[in-house]
Amino acid sequence: MGDQLKIAVLVKRVPDSEARIKIDSGSGGIDPASVKFVVNPYDEYAVEEALALKEKAGEGEVVVISLGADSSQETLRSALAMGADRGVLLKTENAPTDPFAAAQILAAELEDGGFDLILSGKLAIDDYHHATGIIVAELLGLPGVSAASGLTVESGKGSAEREIEGGVEVVDFQLPAVVTCDKGLNEPRYPALKGIMMAKKKPLEVKDVTPADSGVEVVGLDLPPARPEGRIVGEGVDGVAPLIAALQQEAKVL
Amino acid sequence: MAKILAVLEQRDGALKKVSGEILAAARKIADSIDASVDAIAIGPAGLESDLNGLAADKCTFVSSDSLQLYQADLYASAVEATASSGGYRAIVIPATAMGKDLGPRIAARLKCPLVADVTAVADGELTLVRPVYAGKAMSTVKVTAGTAVVTVRPNAFEAAGSGNASVEKIELPDTAVKRVTTAQVKAPENKSLDVSEASIVVSGGRGLKEADNFKLIEELAAAFGGEAAVGASRAVVDAGWRPHSEQVGQTGKVVSPDLYVAVGISGAIQHLAGMRTSKVIVAVNRDKDAPIFGVADYGIVGDLFEILPVLTEKIAKITAG
Ligand SMILES: Cc1cc2nc3c(=O)[nH]c(=O)nc-3n(C[C@H](O)[C@H](O)[C@H](O)COP(=O)(O)OP(=O)(O)OC[C@H]3O[C@@H](n4cnc5c(N)ncnc54)[C@H](O)[C@@H]3O)c2cc1C
Ligand SMILES: Nc1ncnc2c1ncn2[C@@H]1O[C@H](COP(=O)(O)O)[C@@H](O)[C@H]1O
């Protein structure tokens with residue numbers, strides 16, 4: 001590997017984190033009406049990291065890849081507007097909800113791509129698997145590091161930091177590798193107007209894919225059980241005594 | 001008879017509390033398909049003394065001092081060797097930093113689905129409940145494949161009691177290939193309890209006004225005794241007042257302690273994503289319309305700078321007995 005860095009970034013279209021979730025009784029899924037869709041926030045860290053690494057190397061290519069319906073073209077365009085070079089949409093109306101099934105399709109696309117580095121988010125804020133990137137790494141037989149909040153890559157070697165309970169793990173590996181990205185890695189850039197204009201002309205390839213049968217079935221989607229009705233126990237310091245009484249006698253946590 | 005494999009977690013050669021929860025979750029899943037529960041523990045030789053009398057049929061102990069720290073590939077090979085020996089319908093792993101890394105590796109190696117971050121077992125065969133959309137919805141998933149990897153959210157299940165599992169010590173399979181190396185774990189200087197593991201979390205937000213005032217939060221946490229950790233909203237982490245490791249919420253940690261105290265935190269939807277499954281929630285905020293009161297069991301409306309010192313003193317008296 002010379003100074004050229006070829007990096008793939010997996011990006012997913014997800015509902016904005018502010019979105020109020022309504023369940024559509026017909027489909028049993030969420031009601032997409034009035035929900036704003038965005039690039040998964042963790043994938044923005046991955047795109048930013050790829051762009052910064054390419055800029056540092058001086059030369060290379062950043063390819064953004066998404067699995068999903070035609071609407072995911074918009075997600076890829078957002079990543080292209082940030083500065084990625086080209087996009088690939090693996091198009092299906094039935095993107096699997098099982099991360100193994102999704103990773104199989106993504107790995108097949110990545111396999112012969114000659115990438116030095118494959119980046120993804122640590123987690124998609126819709127399905128919440130925290131899994132896809134690492135499954136891809138295993139399927140490709142590559143080193144895989146999850147939830148990196150720090151990353152250095154130099155002359156074919158990488159080192160990452162991962163936050164664990166009560167500490168930070170330092171993990172070393174060789175390229176090519178798969179790294180999933182956490183908050184703390186960088187501050188994603190906002191696409192400039194010029195970037196948005198240029199993104200429209202960048203290549204975006206659409207390939208039809210057919211997911212394998214999934215080994216899980218989603219049998220229900222419900223709103224979380226409502227929390228029991230709470231109450232204001234008091235105002236100012238006058239609230240302290242009734243709070244303590246409630247914690248001791250009702251909640252029994254003291 | 002079908003079997004379930006419970007993957008236990010150690011740190012510094014001692015079994016972690018979450019391991020008891022994993023045994024309990026595995027037992028619940030086993031009951032839904034009339035299966036038995038085996039356990040597997042991976043770690044240094046010193047771990048053995050913690051493995052006596054676990055609530056399982058047997059416990060396989062993959063022992064080597066090279067397994068002191070979590071080594072992703074070696075741990076994956078150890079679990080894979082036992083898991084693929086046959087008959088396991090589910091491999092149950094804690095959804096901790098370790099398990100969230102290990103689970104996907106096992107799913108890839110067994111070529112099976114992964115059901116992540118499960119909080120409950122539903123009626124029916126191998127049917128599991130997991131929060132999605134940052135806890136704004138609950139998804140119920142039925143496993144139709146022969147085997148699945150299941151990760152379980154810490155604090156969602158009551159830890160299992162003791163049992164009489166026999167311990168079988170084995171070596172790490174020599175086919176294990178190490179592609180990533182955990183070189184070290186950097187621990188913070190004042191080794192405090194992690195928010196995701198504490199049974200009480202006291203969190204502060206922008207209402208604290210400046211970093212120094214967080215000592216009010218630290219003092220309240222300390223008053224609860226050794227079981228409380230300090231948490232923070234993203235606003236104060238982004239401002240550099242507190243480390244990211246303390247952030248609770250969608251881009252921080254998900255916690256479900258017995259008691260969560262939110263002080264000077266408005267209760268944005270992304271913060272609620274990280275703490276709404278706490279058993280009891282207390283909020284202190286001067287704005288009676290703050291959304292945090294919508295999820296709180298008990299609220300005090302008022303100025304935290306007046307309320308906290310009094311609250312801390314009273315709590316300290318109670319815990320001191
Ligand atoms: C993609 C995304 C991800 C995010 N992830 C997270 C996350 O993981 N965690 C998270 O917390 N946020 C997250 N956020 C940010 C979130 O939207 C809020 O901005 C943040 O939680 C606000 O923090 P806060 O409650 O401390 O501050 P504010 O919203 O400013 O609230 C401060 C509160 O303090 C009260 N107050 C002020 N003075 C006093 C006083 N003297 N006494 C008592 N009360 C007082 C005020 O009434 C107010 O309610 C995320 C946002 C986005 C877009
Ligand atoms: N359908 C998809 N298309 C592209 N990337 C995806 C897809 N699903 C998951 N990913 C990637 O995998 C990461 C983790 O997703 P998950 O395992 O579903 O939480 C995301 O942040 C993306 O980078």
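Note on naming: letters A, B, ... go to the chains in the order of the sequence lines (proteins, then strands), and numbering restarts at 1 for each one. Please read these numbers as outputs of a predicted model, since none were measured by experiment.
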Write down the atom of [X], the atom of [Y], and the distance for their closest heavy-atom approach.
| X | Y | value |
| --- | --- | --- |
| A:Val216 | B:Pro113 | CG1-CB, 3.7 Å |
| B:Ile269 | A:Ala19 | CD1-O, 4.4 Å |
| B:Val132 | A:Leu221 | CG2-CD1, 3.9 Å |
| B:Gly135 | A:Pro224 | O-CG, 3.4 Å |
| A:Pro15 | B:Tyr133 | CG-CE2, 3.7 Å |
| A:Pro228 | B:Asp297 | CG-OD1, 3.9 Å |

Roughly how far apart are [X] [atom1] and [Y] [atom2], rounded to 0.5 Å?
| X | Y | atom1 | atom2 | result |
| --- | --- | --- | --- | --- |
| B:His244 | A:Glu163 | NE2 | CD | 5.5 Å |
| A:Lys183 | B:Gln247 | NZ | CD | 4.0 Å |
| A:Gln174 | B:Thr181 | CD | OG1 | 9.0 Å |
| B:Asp117 | A:Leu123 | CG | CG | 9.0 Å |
| B:Ile106 | A:Ile134 | CD1 | CD1 | 12.0 Å |

At a heavy-atom distance under 4.5 Å, which candidate from B:Pro104, B:Ala116, B:Ala107, B:Ala229 has the highest pair count against chain A?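 Heavy-atom pairs under 4.5 Å are most numerous for B:Pro104.
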Looking at B:Ala122, B:Cys112, B:Ser196, which one has more heavy-atom pairs under 4.5 Å with chain A than the rest?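 Winner by heavy-atom pair count: B:Cys112.
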Can you tell which part of [X] gets under 4.5 Å to a heavy atom of chain A, answering side chain, backbone, both or neither?
| X | value |
| --- | --- |
| B:Lys111 | both |
| B:Val177 | neither |
| B:Gln71 | neither |
| B:Val129 | neither |
| B:Gln184 | both |
| B:Thr127 | side chain |
| B:Ala183 | both |
| B:Ile281 | both |
| B:Arg11 | side chain |
| B:Asp238 | side chain |
| B:Asp101 | both |
| B:Arg105 | both |
| B:Pro131 | backbone |
| B:Phe293 | side chain |

Backbone of [Y] reached by a side-chain donor or acceptor of [X] within 3.5 Å:
| X | Y | value |
| --- | --- | --- |
| B:Asp194 | A:Gly166 | yes |
| B:Arg130 | A:Asp127 | yes |
| A:Asp98 | B:Leu114 | yes |
| B:Lys136 | A:Ser17 | yes |
| A:Arg227 | B:Arg276 | yes |

With respect to chain B, which residue among [options] yields the maximal number of heavy-atom pairs within a distance under 4.5 Å?
| options | answer |
| --- | --- |
| A:Val253, A:Leu139, A:Thr132, A:Val233 | A:Val233 |
| A:Gly220, A:Ser146, A:Pro143 | A:Gly220 |
| A:Glu235, A:Glu165, A:Glu169 | A:Glu165 |
| A:Asp126, A:Leu142, A:Ile21, A:Ile164 | A:Asp126 |
| A:Asp222, A:Val14, A:Val237 | A:Asp222 |
| A:Ile23, A:Leu254, A:Val219 | A:Val219 |

Interchain contact, [X] with chain B, by part (heavy-atom threshold 4.5 Å):
| X | value |
| --- | --- |
| A:Ile232 | both |
| A:Ile244 | side chain |
| A:Ala147 | neither |
| A:Ser214 | backbone |

Do B:Lys186 and A:Glu161 sit within salt-bridge range, that is, some charged N less than 4.0 Å from a carboxylate O?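 A salt bridge links B:Lys186 with A:Glu161.
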Can you check whether anything in residues 99-108 of chain A gets within less than 4.5 Å of chain B, heavy-atom wise, and list it by number?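 The stretch touches chain B at A:Pro99, A:Phe100.
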Taking only heavy atoms into account, what residues of residues 42-49 of chain A are found under 4.5 Å from chain B?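 Within residues 42-49 of chain A, the residues under 4.5 Å from chain B are A:Tyr42, A:Tyr45.
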Enumerate donor-acceptor pairs with a distance under 3.5 Å from any side-chain N or O in residues 142-149 of chain B to protein atoms, sequence neighbours excluded.
unit_1   : atom_1 : unit_2   : atom_2 : d
B:Thr144 : OG1    : A:Gly215 : O      : 3.0
B:Thr147 : OG1    : B:Tyr88  : O      : 3.0

Does [X] reach the side chain of [Y], with side-chain heavy atoms less than 4.5 Å apart?
| X | Y | value |
| --- | --- | --- |
| A:Val218 | B:Thr140 | no |
| A:Glu18 | B:Gln270 | yes |
| A:Phe173 | B:Arg179 | no |

What donor-acceptor contacts under 3.5 angstrom involve side-chain atoms of residues 313-321 of chain B, with partners at least two apart or in another chain?
unit_1   : atom_1 : unit_2   : atom_2 : d
B:Thr319 : OG1    : B:Ala223 : O      : 2.6
B:Thr319 : OG1    : B:Ile315 : O      : 3.1
B:Thr319 : OG1    : B:Ala316 : O      : 3.3

Decide side chain to side chain contact (heavy atoms under 4.5 Å, CB included) for A:Leu243 and B:Leu311; before the verdict, give the C-alpha distance in whole Å, the side-chain angles of both, and the deciding distance to 0.1 Å. CA-CA 9 Å; A:Leu243 172 65; B:Leu311 182 59; 3.9 Å; yes
I would like to know whether B:Val282 and A:Leu247 meet side chain to side chain contact (heavy atoms under 4.5 Å, CB included); could you show each step before the answer? CA-CA 9 Å; B:Val282 169; A:Leu247 291 177; 3.9 Å; yes
Over 12 non-hydrogen atoms of neighbours within 6.0 angstrom of NZ in B:Lys288: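 Atom NZ in B:Lys288 is not packed in, count stays at 12 or less.
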Given A:Leu223 and B:Met138, is the side chain to side chain contact (heavy atoms under 4.5 Å, CB included) satisfied, shown in steps? CA-CA 6 Å; A:Leu223 294 178; B:Met138 305 299 284; over 6 Å; no
